[in-house]
Structure formats: C-alpha cells, structure tokens
Amino acid sequence: MHLLVTDRLTCVRCGPTFGLVLVADDLRDRRLLEGFLGCSNCRDRYPVQGGFGDLRPAPRRALPSERLESPPDPEGALRLAALLGVREGPGLVLLTSSSAQQAPGVAELVEGIEVVAVHPGLFGYEERPGVSRMVCGEGLPFFSGSLRGAVVEGPRPSEGVREAIRVLAPGARLVWLDPPAGSIEGLEAAGIKLLIETHSVLVGARKSP
C-alpha cells in the first residue's frame with residue numbers, strides 16, 4: 001500500500017472527516033508492507049499485512065482463502081483506462097469487484113497513477129508498484145473528493161454508489177459496469193454528468209459543487 005493512499009484513508013466507524021494515523025512496522029520504497037492505521041477518535045486499528053489493508057469495520061471476520069486469479073487481460077485494462085479518462089498521475093483511481101483484477105494493467109498504462117484495488121481475493125499477493133490492495137465495506141474509507149476515478153460493477157445498493165461518487169474529485173469519472181435498469185436518473189440526481197451510456201456501461205463525471 002502506497003503512502004499516498006494511507007494519507008487519504010479515513011475511519012469507517014467515525015466517518016469520512018476522521019483521518020487515520022499510520023504506524024509502520026515495515027515500510028519500503030514509500031510502500032507500507034506491515035503495520036496498522038489507527039483512528040485517534042475511536043482507537044480502532046486497521047491492520048496492513050503483506051501490503052494488504054483491511055479497512056472493514058469491526059468485528060472483522062477472517063479473510064477468505066480463495067484468491068482472485070485470472071490471466072492478464074491487456075484489452076480489458078486498456079478499456080478501463082480509457083473509460084476512466086486519466087492520462088497520467090499523480091493521483092488515485094479505485095477499482096472494485098472483478099475490475100480489481102485489472103489493476104496491474106491499468107497501473108502500467110497510466111504513468112504515475114496509483115490504482116486502489118478493492119477485493120478480498122487480492123490478499124496474499126506480492127506487493128507491486130502502482131497497485132494498492134485492500135478490502136472494505138460499503139462505506140469507502142476515503143476523504144471526500146480525493147480520487148481521480150472509480151469503477152463500480154453490477155447491481156449495487158444505492159448507498160454504495162453514493163459513496164463512490166462522494167470520494168470523486170470534481171471532474172473525475174465514475175464508471176459503472178453492467179448497471180441495472182433505471183440507474184441513469186439516480187446518477188444525475190447524485191451530481192454526475194452522464195458522458196457515455198450503453199447497455200453494459202455508464203460513464204459520468206462528477207459535477208463541481
């Protein structure tokens with residue numbers, strides 16, 4: 001997990017205005033491999049093991065042993081990078097659900113970007129440049145307006161999509177893969193300007209406040 005990510009993380013119990021304090025046991029090349037992120041308000045600790053951050057609210061169950069494994073998909077990574085519209089870093093983009101497996105490809109395509117890949121099946125993989133792995137609940141543990149793009153997928157609770165919109169900076173894109181019918185109205189009401197609409201993807205940009 002890159003230090004740029006740890007600077008943007010917040011406590012899932014106390015809310016998106018409460019940042020976390022980094023306590024590192026193993027820090028290499030600006031990447032946190034072992035340690036925890038603590039909340040000075042509620043005193044909860046979110047562990048980081050092997051570079052993988054567990055940002056789930058307590059009580060936390062054991063992470064599943066099944067890994068998210070798939071062969072490299074250069075075309076899929078290129079498609080996501082194009083939909084996100086981020087040409088260069090620095091900054092953070094968020095990939096959730098099965099799109100998280102495209103994180104290494106997106107990181108290689110966009111120079112200087114850090115891809116936050118959210119999926120429990122990424123626990124146990126080796127740390128690699130450009131990819132920060134973590135797991136969280138429906139509430140995204142980031143300061144509002146701190147990300148340059150986000151990818152969500154499939155039927156999702158409205159709260160989960162609102163959270164993805166909340167963490168986007170003005171002008172940043174939300175990419176919604178395989179959205180359910182009737183999703184457009186909800187996005188526009190939440191402050192997203194629609195850019196692309198097909199049967200399989202919606203892409204919109206966060207409007208300025």
Side-chain angles (χ1 to χ4, degrees), residues 1-27 31-66 68 91-101 103 114-125 127 131-170 172 174-176 186-187 190-192 206 209:
M1 179 180 289
H2 197 279
L3 289 182
L4 179 63
V5 177
T6 66
D7 286 343
R8 309 288 176 85
L9 290 174
T10 60
C11 180
V12 296
R13 291 183 60 186
C14 300
T17 60
F18 291 87
L20 299 176
V21 178
L22 168 63
V23 178
D25 294 321
D26 190 351
L27 185 65
R31 306 196 74 87
L32 175 63
L33 300 181
E34 302 290 337
F36 66 87
L37 296 149
C39 177
S40 59
N41 186 55
C42 70
R43 306 298 181 181
D44 200 359
R45 294 184 176 188
Y46 301 94
V48 178
Q49 297 177 290
F52 184 91
D54 191 344
L55 276 293
R56 296 176 298 174
R60 303 176 187 93
R61 296 180 179 180
L63 291 167
S65 57
E66 297 83 7
L68 181 63
L92 308 179
V93 297
L94 179 73
L95 303 186
T96 65
S97 303
S98 65
S99 67
Q101 62 193 349
E114 185 71 18
V115 182
V116 181
V118 179
H119 197 290
L122 296 175
F123 178 67
Y125 281 94
E127 187 78 352
V131 179
S132 291
R133 298 163 295 120
M134 60 182 285
V135 65
C136 64
E138 283 297 331
L140 293 174
F142 292 96
F143 288 112
S144 299
S146 60
L147 303 186
R148 295 186 60 189
V151 178
V152 297
E153 184 175 348
R156 296 177 62 87
S158 58
E159 182 61 30
V161 175
R162 283 197 295 268
E163 274 289 278
I165 295 171
R166 177 187 64 81
V167 300
L168 292 177
L174 175 74
V175 178
W176 194 347
L187 288 182
I192 293 291
R206 172 81 184 272

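Predicted, not measured: the structure shown is a model, and the values here were computed from it. These numbers come from the heavy atoms of this one structure, side chains and all, not from hydrogens, waters or symmetry mates.
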Just distance, no hydrogens or angles: give the donor-acceptor pairs under 3.5 Å from side chains in residues 2-14, sequence neighbours left out.
unit_1, atom_1, unit_2, atom_2, d
H2, ND1, L4, N, 2.9
T6, OG1, L3, O, 2.8
R8, NH1, S146, O, 2.9
T10, OG1, F142, N, 3.4

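- Looking at every heavy atom in both residues, A169 comes nearest to G145 through CB-O, 3.5 Å.
- When the ring-ring contact (aromatic ring centres under 6.0 Å, His included) test is applied to Y125, no partner is found at least two apart in sequence or on another chain.
- In this structure, L68 CG and S98 OG are separated by 7.5 Å, a value rounded to the nearest 0.5 Å.
- Sorted by first and then second residue, the side chain to side chain donor-acceptor pair (under 3.5 Å) pairs involving residues 32-44 (not counting sequence neighbours) are D44-R60.
- Residues satisfying the side chain to side chain contact (heavy atoms under 4.5 Å, CB included) criterion with V151, sequence neighbours excluded, are L80, L84, L95, S99, V175, L177.
- With rounding to the nearest 0.5 angstrom, the CG atom of D54 is 13.0 Å from the CZ atom of R61.
- Between G149 and A172, the shortest heavy-atom distance links the atoms N-CB, 4.1 Å.
- Atoms CG and CZ, from L168 and R148 in turn, are 12.0 Å apart once rounded to the nearest 0.5 Å.
- Partners of R166 under the salt bridge (Lys or Arg N to Asp or Glu O under 4.0 Å) rule, at least two apart in sequence or in another chain, are E163.
- Taken to the nearest 0.5 Å, the CZ atom of F36 stands 7.5 Å off from the CG atom of D25.
- Annotation: side chain to side chain contact (heavy atoms under 4.5 Å, CB included) contacts of T96 (sequence neighbours excluded): L94, V118, V152, R156.
- Legend: residues meeting side chain to side chain contact (heavy atoms under 4.5 Å, CB included) with L187, ordered by chain and number and at least two apart, are V161, I165, L174, W176, I192, L202.
- Side chains of R56 and P120 form no contact here, defined as non-hydrogen atoms less than 4.5 Å apart.
- Using a 4.5 Å heavy-atom cutoff, the side chains of H119 and Q101 are not in contact.
- Every residue two or more places apart in sequence or in another chain that forms a side chain to side chain contact (heavy atoms under 4.5 Å, CB included) with F52 is listed here: L63, L122, F123, R133, V135.
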- Item | Steps toward side chain to side chain contact (heavy atoms under 4.5 Å, CB included) verdict (L147, L140) | CA-CA 11 Å; L147 303 186; L140 293 174; 5.8 Å; no

